[in-house]
Amino acid sequence: MGAGPAGARAAWVLVRHGARVTILDASHPREKSCGGGVTGRALALVADAIDATSCARTPIHTARFVRLRACGASAGPAPNRTGLTTPESATVDLDRGALVVASRVEFDAQLLHAAQQAGATLEPARVTDLRVDADGVTLETRHGHRRADVVIGADGANSLVRRRVAQPFRRDQLSIATGFFAHGVTSTEIVIAFVADPPGYIWSFPRPGHLAIGICAEATAGHSSEALRARTAEWIRATGIAPGARLEPYAWPIPSLAVRDARELTVAGSRWLLAGDAAGLVDPITREGIYFALASGQWAAESLLGDGFASAYSSRVAEEAGRELGRAARFKAGFFRPAFINVLMRALQQSAGVRAVMADLIAGRQGYADLRWRLLKTFEIGLAWRALTSSSSRPAL
Ligand SMILES: Cc1cc2nc3c(=O)[nH]c(=O)nc-3n(C[C@H](O)[C@H](O)[C@H](O)COP(=O)(O)OP(=O)(O)OC[C@H]3O[C@@H](n4cnc5c(N)ncnc54)[C@H](O)[C@@H]3O)c2cc1C
């Protein structure tokens, strides 16, 4: 249920192994509130099903990191009016294919089309309720009900399946992402502008024909969606990044699990599995969710093809996603601290080694297990970090 990346990928894998699959989703073709950043690892995963080069996408050549004045910037010059060309910014070159920014209308349509071509049936219906019993699952739609042996809940952050078969996400497990699609402007550069409050960053991801600009805050952090969007609008004005653009607002929740939640994921039961956002699988720092949606859709399908799918899938998700997301969650608080951002910005400006680490992080090639050590091993950040932590009782990372 759900024809986003998780559902479409699960369906594609299943039907190619002879399973009968119906995808229930009334929304397609649809744009998704999303940056649309698709990492090299996500593209590689689906290269067997789609030719992503034929879908509208913007190849990204550089990532520009900017530290805004509010980010504990006691030292260094203040950003100029553009905020993008001051010494407080650093540019990281990305290799070809590290990241593309895709139109989600087209990227998701390609995945769905591939699943249909392989033999899956799309039923354009919204599921309004479901019940799981010993023999199967009943899914209610406005056009009547459907029976299935098993349901894959690939229905996103507000997952109905999750609400019926497990616990809905608590507020502290969600972030609010909001911003604007700035129509009529594009670029080949992503911009990451660190802000201290809420701890994180404003991003600009250039899609074909528009920029997806946004900000994200934990749902319990006390920032309303309107206030965050106003902040983003102010940044757009101050930087001049989208001159003359028509601004279309968006807002959508992103699962953002804490360390403990990532270790205790609930993703499968006797007749159901949860994949993608419905399972909570989004990196809490980079917000990369598309790769995890595709991968978990595939793992769900592969588990269903064998025996004991619920435990097989639960173990695989824990092993291949839960651990990594848990590490990201642990890393997050320290990562966005002004003191660390200060060190990071200086190192990004001065060190090719640190720029290489960040390029790999953006491309989804840098795991969190050795991120800290790889950063500390670079001469510049190692020195700065030691100086910083020698006068403080507690290292931030
Ligand atoms: C602002 C923002 C920016 C982001 N930027 C990035 C980024 O740059 N890169 C990245 O990798 N990730 C990003 N993400 C995360 C990414 O968008 C998600 O992780 C990804 O879309 C998850 O895929 P999915 O298939 O699990 O769910 P979705 O893509 O949300 O698809 C779920 C589908 O289920 C359908 N559905 C829902 N309810 C029902 C129902 N009751 N009946 C039938 N169908 C239903 C929906 O219509 C939808 O088509 C971002 C998220 C947000 C909010």
Side-chain angles (χ1 to χ4, degrees), residues 1-11 22-43 45 57-58 60 99-102 104-105 107-109 111-112 122-130 139-142 146 151-164 174-181 190 192 202-207 212-217 225 228-229 232 249-256 274-284 286-298 300 321 325 362-364:
M1 180 176 141
R9 182 67 185 174
T22 301
I23 307 173
L24 292 157
D25 192 334
S27 69
H28 290 253
R30 60 105 174 86
E31 190 47 274
K32 155 92 172 65
S33 296
C34 181
V38 187
T39 55
R41 65 173 168 172
L43 291 173
L45 186 68
R57 74 216 167 94
T58 309
I60 302 302
L99 180 81
V100 300
V101 180
R104 287 294 301 269
V105 181
F107 184 69
D108 289 24
L111 292 165
L112 179 55
L122 171 68
E123 197 170 317
R126 181 167 186 78
V127 177
T128 53
D129 206 354
L130 75 133
L139 300 121
E140 304 285 352
T141 77
R142 258 195 244 135
R146 302 282 172 275
V151 63
I152 299 179
D155 49 342
N158 295 322
S159 172
L160 174 65
V161 181
R162 185 183 181 92
R163 279 181 274 140
R164 290 293 180 268
L174 292 171
S175 290
I176 303 299
T178 187
F180 298 93
F181 296 127
I190 60 171
I192 310 279
I202 295 174
W203 67 82
S204 168
F205 272 36
R207 290 162 155 208
I213 302 175
I215 190 169
C216 196
S225 197
L228 290 170
R229 206 174 307 133
T232 314
Y250 67 80
W252 201 251
I254 305 185
S256 197
L274 299 173
D277 278 15
L281 307 180
V282 182
D283 183 317
T286 64
R287 317 290 180 199
E288 182 184 15
I290 295 171
Y291 167 74
F292 291 104
L294 293 167
S296 60
Q298 175 154 336
L325 297 180
I362 290 167

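Just follow the structure's listing: the first ligand is 1, and inside any ligand the first atom is 1.
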Exercise. Answer side chain, backbone, both or neither: which part of Ala177 comes under 4.0 Å from ligand 1, heavy atoms only.
Key: side chain
Quiz prompt | Residue part near ligand 1, for Pro5, under 4.0 Å between non-hydrogen atoms | solution = both
Quiz item: For ligand 1, which atoms sit closer than 4.0 Å to a heavy atom of Arg30?
Solution: 28 (P), 29 (O), 31 (O), 48 (C), 49 (O)
Quiz item: Just which atoms of ligand 1 are under 4.0 Å from any heavy atom in Gly276?
Solution: 26 (O)
Quiz item: At a 4.0 Å threshold, what atoms of ligand 1 neighbour a non-hydrogen atom of Gly2?
Solution: 33 (C), 34 (O), 35 (C)
Quiz item: Just checking, Arg41 and Phe292: is the charged tip under 6.0 Å from the six-membered ring centre and within 45° of the axis?
Solution: yes
Exercise. Ignoring angles and geometry beyond distance, decide whether Glu288 reaches within less than 3.5 Å of ligand 1 through its nitrogen or oxygen atoms.
Key: no
Exercise. Return the residue, atom name and 0.1 Å-rounded distance of the protein heavy atom closest to atom 23 (O) of ligand 1.
Key: Ala293 CB, 3.4 Å
Quiz prompt | Options Thr128, Thr178, Ile290, ranked by nearest heavy atom to atom 11 (O) of ligand 1, top entry | solution = Ile290
Practice problem: Kindly say whether Gly289 contributes a backbone atom to a donor-acceptor pair with the side chain of Asp277 at under 3.5 angstrom? | Solution: no
Self-check item: Sub-4.5 Å side-chain heavy-atom contact between Val38 and Arg57
Solution: no
Quiz prompt | Straight-line distance of Ile215 CD1 to Ile202 CD1, nearest 0.5 Å | solution = 4.5 Å
Quiz item: Is there a side-chain contact between Trp252 and Asn158 (heavy atoms, below 4.5 Å)?
Solution: yes
Quiz prompt | Atoms in ligand 1 flagged as close to Tyr250, the criterion being non-hydrogen separation under 4.0 Å | solution = 1 (C)
Quiz prompt | From CD1 (Ile152) to CG (Leu24), nearest 0.5 Å | solution = 12.0 Å
Practice problem: Please write down residue, atom name and distance for the protein heavy atom closest to atom 2 (C) of ligand 1. | Solution: Cys34 CA, 3.5 Å
Exercise. Could you tell me whether the side chain of Ser204 and the main chain of Ile213 form a donor-acceptor pair under 3.5 Å?
Key: no
Self-check item: Any donor-acceptor N/O pair, Thr39 side chain to Gly364 backbone, under 3.5 Å
Solution: no
Quiz prompt | Heavy-atom donor-acceptor pair, Arg126 side chain to Ala26 backbone, under 3.5 Å | solution = no
Quiz item: Using a heavy-atom cut-off of under 4.0 Å, does the side chain or the backbone of Arg287 touch ligand 1, or both, or neither?
Solution: backbone
Exercise. Give the numbers and elements of all ligand 1 atoms closer than 4.0 Å to a heavy atom of Ser27.
Key: 47 (O), 49 (O)
Quiz item: Which bit of Ala6 is near ligand 1, meaning a heavy atom under 4.0 Å away: side chain, backbone, both or neither?
Solution: both
Practice problem: Assess Gly36 for proximity to ligand 1: is some non-hydrogen atom of it under 4.0 Å away? | Solution: yes
Quiz item: Any side-chain heavy-atom pair from Met1 and Leu160 closer than 4.5 angstrom?
Solution: yes
Quiz item: Nearest protein heavy atom to atom 3 (C) of ligand 1, by residue and atom, and its distance?
Solution: Gly35 N, 3.0 Å
Quiz item: If you measure every N/O of Pro253 against every N/O of ligand 1, is any gap under 3.5 Å?
Solution: no
Quiz prompt | Which residue and heavy atom of the protein sit nearest atom 26 (O) of ligand 1, plus the separation | solution = Asp277 N, 2.9 Å
Practice problem: Kindly confirm or rule out an N or O of Ala157 lying under 3.5 angstrom from an N or O of ligand 1. | Solution: no
Quiz item: With respect to atom 37 (C) of ligand 1, which of Val127, Asp155, Asp25 exhibits the smallest heavy-atom separation?
Solution: Asp155
Quiz item: For ligand 1, is there an N or O atom under 3.5 Å from any N or O atom of Arg104?
Solution: yes
Quiz item: What protein heavy atom is closest to atom 7 (C) of ligand 1, reported as residue, atom name and distance in Å?
Solution: Gly37 N, 3.5 Å
Exercise. Indicate yes or no for a side-chain donor-acceptor contact from Arg146 to the backbone of Thr22 under 3.5 Å, with no hydrogens or angles considered.
Key: no
Practice problem: Return the residue, atom name and 0.1 Å-rounded distance of the protein heavy atom closest to atom 43 (C) of ligand 1. | Solution: Leu24 O, 3.4 Å
Self-check item: Between CG on residue Asp25 and CG on residue Leu112, distance to nearest 0.5 Å
Solution: 8.0 Å
Quiz prompt | Validation row: Arg207, Glu31 side chains within 4.5 angstrom (heavy atoms) | solution = yes
Quiz prompt | Any donor-acceptor pair under 3.5 Å from Thr128 side chain to Glu140 backbone | solution = yes
Quiz item: At what distance is the nearest protein heavy atom to atom 39 (C) of ligand 1, and which residue and atom is it?
Solution: Arg126 NH1, 3.5 Å
Quiz item: Which distance, rounded to the nearest 0.5 Å, do you find between the CZ of Arg229 and the OG1 of Thr178?
Solution: 3.5 Å
Quiz prompt | Proximal ligand 1 atoms for Gly4, defined as those under 4.0 Å from one of its heavy atoms | solution = 25 (O), 31 (O), 33 (C)
Quiz item: Under 4.0 Å from ligand 1, counting heavy atoms only, is it the side chain of Phe205, its backbone, both or neither?
Solution: side chain
Quiz item: Can you tell me the protein heavy atom closest to atom 51 (C) of ligand 1 and the distance?
Solution: Ile254 CD1, 3.6 Å
Exercise. Report the distance from atom NZ of Lys32 to atom CG of Asp108, rounding to the nearest 0.5 Å.
Key: 9.0 Å
Quiz item: Which ligand 1 atoms does Trp252 reach within 4.0 Å, using its non-hydrogen atoms?
Solution: 53 (C)
Quiz item: So which bit of Ala154 gets within less than 4.0 Å of ligand 1, heavy atoms only: side chain, backbone, both or neither?
Solution: backbone
Practice problem: Enter the distance from Asp283:CG to Ile290:CD1 here, rounded to the nearest 0.5 Å. | Solution: 12.5 Å
Exercise. Enumerate the atoms of ligand 1 whose separation from the nearest heavy atom of Met1 is less than 4.0 angstrom.
Key: 40 (C), 41 (N), 42 (N)
